[in-house]
There are 2 protein chains.
Amino acid sequence: MNNNQVLNERSLQLLKALVERYIQDGQPVGSRALSKDTELKLSPATIRNVMADLEDMGLIRSPHTSAGRVPTVSGYRLFIDSLLTVKPLNSEELKLLRKNLIAKDNVNDVIGMASRILSDVTRMAGVVTLPKRELVSLRHIEFLPLSNTRVLVIFVTNEQEVHNKILHTSKQFTPAQLQQAANYLNSVYSGLSLAAVRKAVLKELKDAQEQMNREMLDAVQMAKLALDPEKSDEDYVLSGETNLMGFSELSDMERLKELFDAFSQKRGVIHLLDQCLNAEGVQIFIGEESGYHAFEQCSLVTAPYSINEQVVGVLGVIGPTRMAYERVIPFVDVTAKLLGAALNPKT
Amino acid sequence: MNNNQVLNERSLQLLKALVERYIQDGQPVGSRALSKDTELKLSPATIRNVMADLEDMGLIRSPHTSAGRVPTVSGYRLFIDSLLTVKPLNSEELKLLRKNLIAKDNVNDVIGMASRILSDVTRMAGVVTLPKRELVSLRHIEFLPLSNTRVLVIFVTNEQEVHNKILHTSKQFTPAQLQQAANYLNSVYSGLSLAAVRKAVLKELKDAQEQMNREMLDAVQMAKLALDPEKSDEDYVLSGETNLMGFSELSDMERLKELFDAFSQKRGVIHLLDQCLNAEGVQIFIGEESGYHAFEQCSLVTAPYSINEQVVGVLGVIGPTRMAYERVIPFVDVTAKLLGAALNPKT
DNA sequence: GCTGGCACTCGATGGGGTAGAGTGCTAATA
DNA sequence: TATTAGCACTCTACCCCATCGAGTGCCAGC
């Protein structure tokens, strides 16, 4: 692949046509087909020359001598970054989104619905991360005694979601003490983000002076335990994985197993999605770009979503590299925005 | 298939040998192989005659003229019900179980671990239903005000598990009122099973007379809302689905998709597992016996598990019909017992 | 610089031949 | 009468090979 070639307007146009054609019917595209497809009146022979150049540049390749050409990852990348003409959502998709992506009592239901819509509409796999607890703010905290040294802590966050956890305390508390501790924490920390609360808590514990009375110290100590980040904090909801079994390019059982293993282990996928948290808008991993072998034949189109202008999660679509990006990209974009809206606490 | 044949000892012995052989290496079993396998000194020709009889009885069949024989569902059934010699767990498996299947704070963790062990050891898919909430007893109930008419209800069950739900009440309650309601419910219903509580609550509401004061009535009303059974109550944890992708008999993509679709829709699987709740010990569905098309190539080996002698859930293993029943059956059995033990509240 | 022509390559398809596994049937045997 | 050896038969799996069609690269001519 030597890049010292000229990429003139015509070559780009042909690359665009080739990628579009290939996305449409999945067969390697030959010069004859391309010559008919474009409005440039060029003979197959000319197009062959251009294709040879594109191949030199590593943008397309031929599976074997007498097949047509197929886009490489770089080809897709160039196509998506500079050549793609996105299609706006059709009214039906929009209607579906508006109808189903609405606020519910249970955040998980909304997330699940978003994931479901993503997979149903695109007929690929949809994925939505749960909102990062760290970034949402504390609304209310409560302690319930379970047994001697076991306390159930319950906290409600501003997305109206309830979390609970069992703490093992070093000493025994009376219900009244627990009540008092909760009251204290609510009065001091309510409204702050969980991350901020934790930070404040750690600070208080560090420079705890005598000025802080016994009860408060206990309360802060318990808050620390309660807010200890958990692995379960990082999770996502996946839908329509089975749609992926329909694609011929993923029909190799080895690969498919690897992919589904990645889905159920979650770690890799989470890592991948986390990289998209800070992206402005839609971000795309094409094939091997993700760095995960299991995703080598897949593309991932993601967009972050926000609650109160604060990015708290990511959603996306997973499918074969050969996907209708011009439809998927705007769809993922809009879904992210609407999910954010649906999760925003009605003030 | 005419059943008016004699099933003598020898035929059964040959059927057993055939099934075992087929389970072992997945190839149709011929008369010659069978003649070598058994200690009955019979020539292939004799065995062929017996096999023809077994085929007449619908216990085995041949994929085509010049292939060996393969067990039918009836054949497997007879094998499992009367011919199987189960193998006790080996010490390694037992050690793994005892080491990992221990009480934890979080029931879901224990369930997840059980599912994981089932799939890891058998190298097939493991499934464990969550304990039926209905059947566990109420330990503690608590109400927290969220906003005007929205109340968060939290209840802890005897398996130390915490459930929460948001109620929409018809009128507004003060924190004190909620506290009072919870106190009342705890004093009256604590220790009863959720099903019993619901029953009692409905009865109280039905013949609510003036003798019941306003507050109590409110409390009972809210308890009714809180205990309304939800669809989410019926759920299971599945592990190692991807193991199923390795089996050649399931390698048809159509079928596989159907199977995985069934897994993610959950309804059919739950229905199937529910049928095993009342079985004494291990229950097995072989292939089409399950009644679900998606499971036609699969067998399901299940056992119910109990908390406090009360059956609350089911666990099992899903794999190809051709599985090592003699190992899977005792393993599922023991796992169910140990899971029950791990879930039993330490009193 | 573009095009038509042409030889070439490669995968897919399908026919034909063969080897091997296993059967069912029959006649011989214990 | 139950068992066995022998034999013809059937079916699959496999390999080989010819053919076809799509598409290419290259070259000469416009």
Side-chain angles (χ1 to χ4, degrees), chain A residues 5-15 17-19 21-22 24-72 75 248-249 251-252, chain B residues 2 5-15 17-19 21-22 24-72 75 248-249 251:
Chain A
Q5 307 261 351
V6 227
L7 253 183
N8 57 19
E9 184 59 34
R10 201 179 63 178
S11 316
L12 290 174
Q13 209 170 335
L14 282 171
L15 175 63
L18 186 144
V19 177
R21 176 69 178 246
Y22 181 67
Q24 198 177 61
D25 50 41
Q27 300 297 321
V29 185
S31 52
R32 174 195 299 262
L34 218 47
S35 134
K36 285 186 191 149
D37 257 22
T38 58
E39 56 274 18
L40 313 150
K41 301 282 181 218
L42 290 176
S43 78
T46 313
I47 290 182
R48 279 203 286 280
N49 289 328
V50 178
M51 284 166 102
D53 292 347
L54 291 173
E55 185 156 19
D56 280 348
M57 287 182 266
L59 297 171
I60 59 179
R61 62 185 184 82
S62 48
H64 57 86
T65 323
S66 79
R69 301 306 212 294
V70 162
T72 61
S248 56
E249 47 266 74
S251 65
D252 174 47
Chain B
N2 49 350
Q5 308 259 352
V6 228
L7 253 184
N8 56 20
E9 184 58 33
R10 200 180 63 179
S11 317
L12 289 174
Q13 211 171 332
L14 282 170
L15 176 62
L18 186 142
V19 177
R21 175 69 178 246
Y22 180 68
Q24 198 177 62
D25 51 41
Q27 299 297 321
V29 184
S31 52
R32 174 195 299 261
L34 218 46
S35 136
K36 286 187 192 149
D37 257 22
T38 57
E39 58 273 18
L40 313 152
K41 300 283 179 213
L42 290 176
S43 76
T46 314
I47 290 181
R48 278 205 287 281
N49 289 327
V50 179
M51 284 168 101
D53 293 347
L54 291 174
E55 184 156 19
D56 281 350
M57 286 182 266
L59 296 171
I60 59 179
R61 60 185 186 81
S62 47
H64 59 85
T65 323
S66 81
R69 301 305 213 295
V70 162
T72 62
S248 56
E249 46 267 74
S251 65

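For the numbers below, each heavy atom of this structure counts, side chains included, while hydrogens, waters and symmetry mates do not. Reminder, nothing fancy here: chain letters follow the sequence lines and each chain counts from 1.
- Nearer to the 5' terminus of DNA chain D, by closest-nucleotide assignment, is the contact made by L42(B) (compared with the other of G68(A) and L42(B)).
- Using a 4.0 Å heavy-atom cutoff across all strands shown, S62(B) reaches no nucleic acid atom at all.
- A45(B) comes within contact range of at least one nucleobase, with a heavy-atom separation under 4.0 Å.
- Judged purely by atom type and a 3.5 angstrom limit, S35(A) has no side-chain atom pairing as donor or acceptor with the backbone of S43(A).
- One interatomic measurement links the two molecules: CE of M51(B) to C1' of dC25(C), which rounds to 16 Å at whole-angstrom precision.
- Distances shown here put a side-chain N or O of S31(A) below 4.0 Å from the OP1 or OP2 atom of dT24(D).
- When each of L18(B), I60(B), V70(B) is checked for a side-chain contact (heavy atoms from CB on, under 4.5 Å) with P28(B), only V70(B) meets the rule.
- The distance between atom CZ of R61(B) and atom C1' of dG24(C), rounded to the nearest whole Å, is 19 Å.
- Listed candidates were dT24(D), dA21(C), dC2(C). Nearest to the side chain of R10(A) is dC2(C).
- Rounded to whole Å, the distance from CZ on R32(A) to C1' on dT24(D) is 12 Å.
- Rounding to whole angstrom units, NE2 of residue H64(A) and P of dG25(D) are separated by 13 Å.
- When the side-chain nitrogen and oxygen atoms of T46(A) are compared with OP1 and OP2 of dT3(C), one or more of them lie within a distance under 4.0 Å.
- When rounded to the nearest whole Å, the span between CD1 of I60(B) and C1' of dT23(C) equals 12 Å.
- Applying the 4.0 Å criterion to OP1 and OP2 of dG25(D), one finds that R69(A) has a side-chain N or O inside that range.
- The separation between Q27(B) atom CD and dT23(C) atom P is 14 Å, rounded to whole Å.
- Per the geometry, CD1 belonging to I47(A) stands 13 Å off P belonging to dG25(D), to the nearest Å.
- Of the candidates dA5(D), dT10(D), dT9(C), the closest approach to any side-chain atom of S43(B) belongs to dA5(D).
- Contact detail for E55(B) and R61(B): the closest heavy-atom pair is OE2-CA, 3.7 Å.
- Side-chain to base pairing of T65(B) with dC11(D): no donor and acceptor N or O lie closer than 3.5 Å to each other.
- Atoms CZ (R48(B)) and P (dA2(D)) sit 18 Å apart, rounded to a whole Å.
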